[in-house]
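Note that this is a predicted model, so its numbers are computed, not measured. The sequence lines fix the lettering, A, B, ..., with proteins before strands; numbering per chain opens at 1.
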There are 2 protein chains.
Amino acid sequence: MPVNCCRKKKGNQNNLDEINMEKEITIVNEQRLIKLLKQNSLSITDSRKKILQLFLEQNGALAHGDIERKAGEKFDRVTVYRTLQVFVDKGIIHTIPTADNSIRYALCKDECGEGHHHDHHVHFVCNSCNNTYCLDDVVTPGIKLPKGYSANHVEVVVEGVCKNCQ
Amino acid sequence: MPVNCCRKKKGNQNNLDEINMEKEITIVNEQRLIKLLKQNSLSITDSRKKILQLFLEQNGALAHGDIERKAGEKFDRVTVYRTLQVFVDKGIIHTIPTADNSIRYALCKDECGEGHHHDHHVHFVCNSCNNTYCLDDVVTPGIKLPKGYSANHVEVVVEGVCKNCQ
DNA sequence: TATCTTTTGCAACATTGTTGCTTTTTTTAT
DNA sequence: ATAAAAAAAGCAACAATGTTGCAAAAGATA
Ligand SMILES: [Mn+2]
Ligand SMILES: [Mn+2]
Ligand SMILES: [Zn+2]
Ligand SMILES: [Zn+2]
């Protein structure tokens with residue numbers, strides 16, 4: 001992993017006025033999507049824009065199936081698979097392990113890039129709404145392993161009831 | 001979850017002499033398998049004995065596919081699915097989440113039973129041999145969650161290089 | 001705009017998981 | 001040991017998920 005490998009993306013919180021016309025919002029988002037894709041040296045295509053948009057609009061994580069559904073009939077299933085793979089490779093999204101054979105994907109923060117993820121945060125799965133959230137501020141704890149084991153990465157998934165469902 | 005809900009199974013470490021004849025070992029194991037199934041009010045069938053045996057013989061965890069392969073052509077795929085499901089329900093095995101769409105299963109310790117699992121240990125996936133181990137002695141840490149979230153269960157999966165592969 | 005490169009969609013296929021129903025096996029009661 | 005009842009296994013059909021190669025379409029480049 002190269003030194004100084006982490007790009008600095010602008011925060012870009014997208015705090016648009018609620019009163020903005022729909023069209024205007026669309027334009028802004030489109031620009032943002034294109035910028036993000038360009039930053040990652042990806043060519044700008046409809047499917048990439050659409051799928052990236054889904055992640056940006058979404059608070060929590062998305063499973064492949066969710067994306068297929070939300071992207072509508074617009075794209076081939078194969079394209080969705082390939083797009084997700086590219087996004088993971090580029091450090092745009094990361095995977096979240098589950099115990100039900102349906103990997104979830106969520107946006108990475110700015111520190112991730114091609115070939116190196118740094119998503120050292122805890123994930124939360126709500127038993128009520130069934131959403132999965134990145135708890136970006138909750139850092140994964142160090143784990144003391146038995147002699148002989150060495151750790152590369154620690155993944156923590158907490159299951160419970162989320163803020164909205166209490 | 002009822003108070004005093006946890007059965008006490010005998011340790012039964014199966015420290016058999018290496019010199020025991022194959023047949024004898026088989027008989028011993030058979031008895032052990034039957035005992036375990038009876039303790040869990042399960043009827044004694046070939047597939048349940050075989051699959052349980054695979055777990056007892058195996059140090060690490062098994063994915064559904066592993067079991068299908070190891071159980072040979074002996075059983076229908078559907079039977080394997082149903083048997084695993086029953087074992088999970090009964091607290092004989094527990095699932096381990098992964099990020100590659102292949103749930104792993106491993107034996108529970110004695111505290112688990114029907115309707116209540118207590119597998120509060122860390123899991124370890126080796127990047128070299130690709131085995132998954134239960135680190136029974138490494139307890140999952142408590143996680144301090146943001147206001148509004150409440151935890152039911154914490155799952156920790158550490159990825160790295162295992163003892164045997166160092 | 002013309003050319004080169006990349007991505008998409010499609011088809012075909014493989015793997016994985018589910019469901020209903022019939023047959024077989026296991027358990028239970030005689 | 002035998003018969004009746006209950007449970008599990010096997011089978012078939014299907015659904016869902018994931019993979020690959022290739023031709024057509026779209027995007028980047030000059
Ligand atoms: Mn995350
Ligand atoms: Mn375990
Ligand atoms: Zn929730
Ligand atoms: Zn290993």
Report the residues that fulfil side chain to side chain contact (heavy atoms under 4.5 Å, CB included) with B/Lys74, sequence neighbours left out, ordered by chain and then residue number.
-> none
State which residues pass side chain to side chain contact (heavy atoms under 4.5 Å, CB included) with A/Ser47; sequence neighbours excluded, sorted by chain then number.
->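 A/Ser47: side chain to side chain contact (heavy atoms under 4.5 Å, CB included) contacts with A/Thr45, A/Phe75, A/Thr79, A/Thr83.
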Do B/Leu54 and B/Leu56 sit in the same hydrophobic cluster, where Ile, Leu, Val, Met, Phe, Trp and Tyr count as joined when their side-chain heavy atoms come under 4.5 Å apart?
-> yes
Base, sugar-phosphate or nothing for [X]? Non-hydrogen atoms, less than 4.0 Å.
X        : value
B/Ser102 : nothing
B/Arg48  : sugar-phosphate
A/Lys74  : sugar-phosphate

Sequence neighbours excluded, the answer for salt bridge (charged side-chain N to carboxylate O under 4.0 Å, His left out) partners of B/Asp89 is none
Check salt bridge (charged side-chain N to carboxylate O under 4.0 Å, His left out) between A/Arg82 and all other residues, then give those that pass, not counting sequence neighbours.
-> none
Divergence of helical axes at both termini of the helix from C/dT1-D/dA30 to C/dT30-D/dA1 - five pairs an end, 10° steps | 40°
Sequence neighbours left out, what passes side-chain hydrogen bond (donor to acceptor under 3.5 Å, both in side chains) with [X]? Give chain and number order.
X        : answer
A/Thr140 : none
A/Lys49  : A/Glu30
B/Asn101 : none

Whichever of B/Ser43 and B/His64 has its nearest DNA chain C nucleotide further upstream toward 5' = B/His64
Residue met sooner reading DNA chain C from 5', once A/Asn101 and A/Arg82 are mapped to nucleotides = A/Arg82
Using a 3.5 Å cut-off and no angle test, enumerate the donor-acceptor pairs between side-chain atoms of residues 57-66 of chain B and protein atoms at least two apart in sequence or in another chain.
unit_1: B/Gln58; atom_1: OE1; unit_2: B/Lys70; atom_2: NZ; d: 3.4
unit_1: B/His64; atom_1: NE2; unit_2: B/Glu68; atom_2: OE2; d: 2.8
unit_1: B/Asp66; atom_1: OD1; unit_2: B/Arg69; atom_2: NH1; d: 3.3
unit_1: B/Asp66; atom_1: OD2; unit_2: B/Ala63; atom_2: N; d: 2.8

Positional range of nucleotides in DNA chain D within the contact set of chain A, heavy-atom, under 4.0 Å | D/dT17 to D/dA28
Walk along DNA chain C from 5' to 3' and tell me the first and last nucleotide with an atom closer than 4.0 Å to a non-hydrogen atom of chain A.
->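 Contact boundaries, 5' end first: C/dT6 to C/dG17.
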Distance-only donor-acceptor check, side chains B/Glu155 and B/His123, under 3.5 Å = yes
Does any pair with a residue in residues 135-158 of chain B pass ring-ring contact (aromatic ring centres under 6.0 Å, His included), and if so which ones, sequence neighbours excluded?
-> A/Phe124-B/Tyr149, B/His120-B/His153
